[in-house]
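The next block holds one structure in the form of structure tokens; read it before the comments.
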Amino acid sequence: MSAEKFTILQLGHPHLRLIARNVENIKSDNIQNFIDDLLHYVSEVNGMGISAPQVDHSLRLFIMSSKPNTRYPHAPSMQPTVIINPEIISVAKKVEKDWEGCLSVPSIRALVPRHPSIIARYTTRNGEQVEATYSGFLARVFQHELDHLNGIVFIDRVEDNHDMMAEQEWLKLISQR
């Protein structure tokens, strides 16, 4: 599938609420081509990350692709990273609220409680097992994308409806920082 054929599923689509299946044959041409297309697509849509379920593929796979942009001017820069069959093996005991948005829930931003640091285990596109520590914004992105693999969207984690706002208002708020 070429990147041009991807459509991001929107809130309300029933496939966003399904638990994705494990990726079994990581080195297959189908999976490797899908990864290439998803890497291209996340760059096209200027996302901090994107999960396979968001483009209607039931696979436990996502891309982390943090970089500063108009929505997240203080985001750290990282090389796009392919995360396959991820799990969180340790978390900070506390949680912190910070702003999130989602390509599947356009025009809404919300304060979402997340662990500020995590230790994760996943497989790379080359089949290597990796254990990595993420903190701050990158920990948030990892948890957000992992939620997609479990049929959860960020607004499910919002504790109070007053912690949500239209993106237009949110952009005004961050421009004042």
Side-chain angles (χ1 to χ4, degrees), residues 3 6-20 38-81 83 86-88 91-120 132-177:
F6 283 146
T7 300
I8 296 175
L9 300 183
Q10 299 298 293
L11 182 65
H13 193 291
H15 292 179
L16 277 178
R17 299 304 194 160
L18 300 176
I19 296 174
L38 201 56
L39 282 163
H40 179 73
Y41 190 66
V42 74
S43 175
E44 279 183 358
V45 297
N46 204 22
M48 294 289 127
I50 194 164
S51 69
Q54 286 180 276
V55 295
D56 209 11
H57 284 69
S58 180
L59 296 170
R60 295 190 73 74
L61 181 156
F62 63 81
I63 310 292
M64 287 178 56
S65 184
S66 177
K67 62 198 160 303
N69 66 24
T70 54
R71 292 181 322 239
Y72 300 101
H74 304 293
S77 292
M78 70 178 292
Q79 285 294 102
T81 303
I83 309 288
E87 62 181 320
I88 294 176
V91 298
K93 292 192 187 329
K94 66 179 180 170
V95 295
E96 296 174 353
K97 287 184 182 181
D98 206 349
W99 292 102
E100 291 185 26
C102 182
L103 296 169
S104 292
V105 188
S107 302
I108 298 291
R109 293 289 180 260
L111 284 171
V112 181
R114 301 268 188 203
H115 298 283
S117 65
I118 61 170
I119 299 174
T133 300
Y134 295 106
S135 59
F137 188 78
L138 297 180
R140 181 165 295 279
V141 171
F142 191 101
Q143 291 167 85
H144 177 108
E145 298 304 333
L146 180 59
D147 273 355
H148 278 300
L149 306 186
N150 295 319
I152 298 167
V153 293
F154 77 106
I155 59 174
D156 297 337
R157 297 207 180 269
V158 174
E159 296 174 334
D160 183 330
N161 287 340
H162 292 101
D163 287 343
M164 297 170 61
M165 69 172 60
E167 182 171 331
Q168 181 179 351
E169 292 301 314
W170 181 76
L171 287 169
K172 290 179 194 173
L173 179 72
I174 65 163
S175 72
Q176 297 167 0
R177 287 184 180 174

message: Regarding Ser104 and Gln54, do their side chains bring together a donor and an acceptor under 3.5 Å, going by distance alone?
response: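 Indeed, the side chains of Ser104 and Gln54 share at least one donor-acceptor pair under 3.5 Å.
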Rounded to the nearest 0.5 Å, what's the gap from [atom1] on [X] to [atom2] on [Y]? Could you check?
{"X": "Ile8", "Y": "Ser51", "atom1": "CD1", "atom2": "OG", "value": "9.5 Å"}
{"X": "Met48", "Y": "Arg140", "atom1": "CE", "atom2": "CZ", "value": "13.5 Å"}
{"X": "Arg109", "Y": "Leu173", "atom1": "CZ", "atom2": "CG", "value": "12.0 Å"}
{"X": "Asp163", "Y": "Lys97", "atom1": "CG", "atom2": "NZ", "value": "4.0 Å"}
{"X": "Ile108", "Y": "Met164", "atom1": "CD1", "atom2": "CE", "value": "5.0 Å"}
{"X": "His144", "Y": "Cys102", "atom1": "NE2", "atom2": "SG", "value": "3.5 Å"}

[X] to [Y] - nearest heavy-atom pair and separation:
{"X": "Pro113", "Y": "Val95", "result": "CB-CG2, 4.3 Å"}
{"X": "Ser58", "Y": "Ile19", "result": "OG-O, 4.0 Å"}
{"X": "Pro80", "Y": "Ser65", "result": "CG-OG, 3.8 Å"}
{"X": "Pro86", "Y": "Phe142", "result": "CB-CZ, 3.7 Å"}
{"X": "Pro68", "Y": "Ala75", "result": "CG-O, 3.2 Å"}

For the residue pair [X] and [Y], establish whether any side-chain heavy-atom pair is separated by less than 4.5 Å.
{"X": "Thr7", "Y": "Asp56", "answer": "no"}
{"X": "Leu111", "Y": "Asp160", "answer": "no"}
{"X": "Ile50", "Y": "Phe62", "answer": "no"}
{"X": "Leu149", "Y": "Pro53", "answer": "yes"}
{"X": "Ile88", "Y": "Ile119", "answer": "no"}
{"X": "Met78", "Y": "Met64", "answer": "yes"}

Heavy-atom donor-acceptor pair, [X] side chain to [Y] backbone, under 3.5 Å:
{"X": "His40", "Y": "Leu38", "answer": "no"}
{"X": "Gln143", "Y": "His115", "answer": "yes"}
{"X": "Thr81", "Y": "Gln79", "answer": "yes"}

message: I'd like to know whether Arg17 forms a side-chain hydrogen bond (donor to acceptor under 3.5 Å, both in side chains) with Asn150, so could you lay out the CA-CA distance, the side-chain angles of the two residues, the decisive distance to 0.1 Å, and finally the verdict.
response: CA-CA 7 Å; Arg17 299 304 194 160; Asn150 295 319; over 6 Å; no
query: Who pairs with Tyr72 by ring-ring contact (aromatic ring centres under 6.0 Å, His included), at least two apart in sequence or on another chain?
result: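 Here the qualifying residues are Phe137, Trp170.
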- prompt: Checking side-chain contact (heavy atoms from CB on, under 4.5 Å) against Asp147, which of Asp156, Val153, Ile152 comes through?
  reply: Ile152
task: Go through the steps to decide whether Arg157 and Glu100 satisfy the test salt bridge (charged side-chain N to carboxylate O under 4.0 Å, His left out), and finish with yes or no.
output: CA-CA 11 Å; Arg157 297 207 180 269; Glu100 291 185 26; over 6 Å; no
task: For side chain to side chain contact (heavy atoms under 4.5 Å, CB included), just list the numbers for Trp99 and Met165, CA-CA rounded to whole Å, side-chain angles, deciding distance to a tenth of an Å, and then say yes or no.
output: CA-CA 10 Å; Trp99 292 102; Met165 69 172 60; 3.5 Å; yes
- prompt: Mind checking what makes side chain to side chain contact (heavy atoms under 4.5 Å, CB included) contact with Asn46, not counting sequence neighbours?
  reply: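 Partners of Asn46 under the side chain to side chain contact (heavy atoms under 4.5 Å, CB included) test: Lys67, Asn69.
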- prompt: After noting the C-alpha distance and the side-chain angles of Val105 and Gln10, does the key distance pass the side chain to side chain contact (heavy atoms under 4.5 Å, CB included) rule?
  reply: CA-CA 6 Å; Val105 188; Gln10 299 298 293; over 6 Å; no
task: Please test Ile63 against Leu39 for side chain to side chain contact (heavy atoms under 4.5 Å, CB included), starting from the C-alpha separation and ending with a verdict.
output: CA-CA 7 Å; Ile63 310 292; Leu39 282 163; 3.7 Å; yes
